[in-house]
Amino acid sequence: MAFDYMTAAEAAEHFKNGDTVGLSGFTAPGTPKFIPEAIAAKAEREHAEGRPFKISLLTGASTSDHVDGALSRANALDFRAPYQNVPDLRKRINSHDCHYNDRHLSEMAQEVRYGFYGKVDWAIIEAADITPDGEVILGTGVGNIPTYAMLADKIFIELNEALPKALYGMHDIYIPADPPRRREIPIYAANDRIGSPVLKIDPRKVVGIVRTNSYDGVKAFTAPDEVSKQIGANVVEFLLREYRRGGIPKEFLPLQSGVGNVANAVLYDLGENKEIPPFMMYTEVMQDAVLSLMRKGKCTFASTCSMTFSDDTEKEFFPDMKEFAHKILMRPAELSNNPEVIRRLGIISMNTALEADIFGGINSTHVLGTKMMNGVGGSGDFTRNAYISIFSCPSVSKGGLISNIVPMVAHADHSEHSVDIVVTDRGIADLRGLDPVQRAERIIENCAHPDYKGLLRDYMKIGKGGQTPHSLTAAFAFHNAFNETGDMRNADFSKYC
């Protein structure tokens, strides 16, 4: 079938106010860039002429400034799911200019198939290649596009000529059957392939193709600071201790790692440690550090949803793809984050927290309990089902004005039932097998900053009994003190005694 080629501006004219649009990609990689910017420009023109224009946007995870940034600045988003990390969109969400549904990433695709989000009008797919009969070689991120493309009435392709066709074979596209006909997902090792190397779409739904030539624009992470390095060293210390005592099998277990400096510090230390054997990763995002581990032979395989490489690393990677083609597999988010597979494979999960409370509850999303930061992402998918779940954060922020270990988290994303290990730059709290009071004692002693240990112990003294001795009147004294004085160290528990 012959496809029509057009500009991004011409493609944008097809979108109407109220349309629901699903995008390929997971983080910036694999995400379309030019058509979303053209839709934003159309929205600005429509608004200038007094006409409403907003779309609902469904993605795999976060996107980029080309998408969430441009559309938010144009006030062109009515609804967004399941995850974001762009400041302009964050402002819209926190001021209620855009409805935001923060979802576990593993659930998004199936919930769209179940009809929870209504009809999908459009899918926009970034591709390295497409055949006349609709076989698409995706880019460097998959996300939920297999479902969006299947359900969408119409499709646009962004054919990115910066992407090599040699990406063929690095994708594993598979959609589980829906209940009540779902069977087990037959992934029994991180490197098992179960689906197709291409995304198969109905070519009759393709309205047009827009040629592009652009890298993903992912910036290299800054070098880890001393706090991140210490957190990374503490995580590796725990893993090594667990490995030595036999708590981790001798062949080790697959790892999942979040995004950011702490994750990179952990991966760097794992790469340098000669006692920990080569391992696989079963994760949602593969960063520069994982590629470095592969070059060293430390990481033997990575199953991921996205190769979130910086532009410089991507340019180095593409010419060497043959070296890595048998070591990397990109899957849809409902596979990379699938609870069934995570539990079967025995994944060790490593994620970050905004704050942790003394009983093991975790806040991953809301600053001071109200302002959305990014979203829960895939942390819940992995944490709830991991062989060992680890959360890390600095003990303090803003030069000590904020304690990230608090009496009660101001927003609960992960309860103490799902959290095994809490790590800060101060130390490690192994919470397994402990009751709430024992957990509190360990977190305060091992993870809290010295400036806050006394205050946290004071809180324990005024607890009102019961298995989890919270004081509901004093539980947010740290947060209230910061809101009132700008310093959590001014929390005063004496008035609650």
Side-chain angles (χ1 to χ4, degrees), residues 1 3-6 8 10-16 18-26 28-40 42 55-64 66-68 71 76-83 105 108-131 133-160 163 171 173-175 195-196 198-212 305-306 330-334:
M1 175 174 177
F3 299 116
D4 291 330
Y5 287 80
M6 60 184 69
E10 289 169 336
E13 290 305 309
H14 290 264
F15 292 83
K16 304 187 301 296
D19 280 352
T20 295
V21 182
L23 300 188
S24 64
F26 193 96
T31 303
K33 305 165 182 62
F34 289 76
I35 297 176
E37 286 189 329
I39 294 172
K42 177 179 180 179
I55 63 170
S56 294
L57 190 64
L58 312 178
T59 64
S62 58
T63 60
S64 66
H66 297 286
V67 180
D68 283 334
L71 291 167
L77 289 175
D78 177 60
F79 176 85
R80 182 73 171 80
Y83 185 84
L105 299 186
M108 187 66 193
Q110 66 178 23
E111 290 182 350
V112 173
R113 292 198 303 274
Y114 299 164
F116 295 177
Y117 293 83
K119 185 169 73 73
V120 180
D121 299 293
W122 293 93
I124 310 175
I125 306 171
E126 182 179 78
D129 199 14
I130 180 172
T131 65
D133 59 352
E135 292 193 347
V136 177
I137 301 175
L138 293 172
T140 50
V142 181
N144 294 320
I145 196 58
T147 289
Y148 299 156
M150 178 179 69
L151 297 179
D153 291 338
K154 299 176 183 179
I155 296 172
F156 274 111
I157 303 290
E158 281 199 9
L159 190 60
N160 190 346
L163 297 172
H171 301 91
I173 308 304
Y174 176 98
I175 300 178
S196 168
V198 295
L199 172 65
K200 298 176 182 179
I201 63 174
D202 182 349
R204 294 170 297 180
K205 295 201 296 186
V206 178
V207 174
I209 295 178
V210 174
R211 291 189 185 276
T212 68
C305 192
S306 170
M330 288 178 281
R331 310 184 197 264
E334 63 181 326

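Summarising the geometry, atom SG belonging to Cys305 is positioned 7.0 Å from atom CG belonging to Asn144; distances are rounded to the nearest 0.5 Å. Rounding to the nearest 0.5 angstrom, the gap separating the CD1 atom in Ile55 from the CD1 atom in Ile39 is 5.0 Å. Taking CG of Leu57 as the reference point, atom CG of Leu77 lies at 6.0 Å (rounded to 0.5 Å). A distance of 10.0 Å separates NZ of Lys154 from CZ of Phe15, quoted to the nearest 0.5 Å.
Under the side chain to side chain contact (heavy atoms under 4.5 Å, CB included) criterion, Ala11 pairs with Met6, Ile35, Phe156, Val210, not counting sequence neighbours. Among residues two or more places apart in sequence or in another chain, the side chain to side chain contact (heavy atoms under 4.5 Å, CB included) test is passed with Phe116 by Glu111, Tyr114. With sequence neighbours excluded, the residues satisfying salt bridge (Lys or Arg N to Asp or Glu O under 4.0 Å) with Asp121 are Lys119.
Inter-residue side-chain proximity for Arg80 and Thr63 is flagged as met; some heavy-atom pair is nearer than 4.5 Å. Ile157 is not listed as a side-chain neighbour of Phe3, based on a closest heavy-atom distance of 4.5 Å or more. Under the 4.5 Å side-chain criterion, counting only non-hydrogen atoms from C-beta, Ile130 is in contact with Ile201. Side-chain atoms of Leu138 and Met330, non-hydrogen and from C-beta on, never get closer than 4.5 Å to each other. In this structure the side chain of Val142 reaches within 4.5 angstrom of the side chain of Ile173, judged on heavy atoms.
Of all the heavy atoms in Pro146 and Pro332, the pair that sits closest is CG-CG, 3.9 Å. Minimum interatomic distance between Lys200 and Ser196 (heavy atoms only, all atoms of both residues): CE-OG, 3.9 Å. Here the closest non-hydrogen pair linking Ser62 and Tyr83 is N-CD2, 3.4 Å. Nearest heavy atom pair, residue Ala123 against residue Ala152, reads N-CB, 3.6 Å. Nearest heavy atom pair, residue Pro82 against residue Leu105, reads CG-CD2, 3.5 Å. Between Ile175 and Thr147, the shortest heavy-atom distance links the atoms CD1-N, 4.1 Å.
Results of the side chain to side chain contact (heavy atoms under 4.5 Å, CB included) test with Pro32 over Ile125, Val21, Leu23, Asn160 single out Leu23 as the only residue that passes.
In this structure, Glu158 contributes its side chain and Phe34 its backbone to a donor-acceptor pair below 3.5 Å. In this structure, Tyr148 contributes its side chain and Ser24 its backbone to no donor-acceptor pair below 3.5 Å. Between the side chain of Lys33 and the backbone N or O of Thr31, at least one donor-acceptor pair lies under 3.5 Å. No side-chain donor-acceptor contact under 3.5 Å links Thr20 to the backbone of Ser56. The backbone N or O of Met150 lies less than 3.5 Å from a partner atom in the side chain of Lys205, making a donor-acceptor pair.
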>> For a side chain to side chain contact (heavy atoms under 4.5 Å, CB included) check, start with the C-alpha distance between Val198 and Asp129, then their side-chain angles and the critical distance, and finish with the verdict.
In response: CA-CA 10 Å; Val198 295; Asp129 199 14; over 6 Å; no
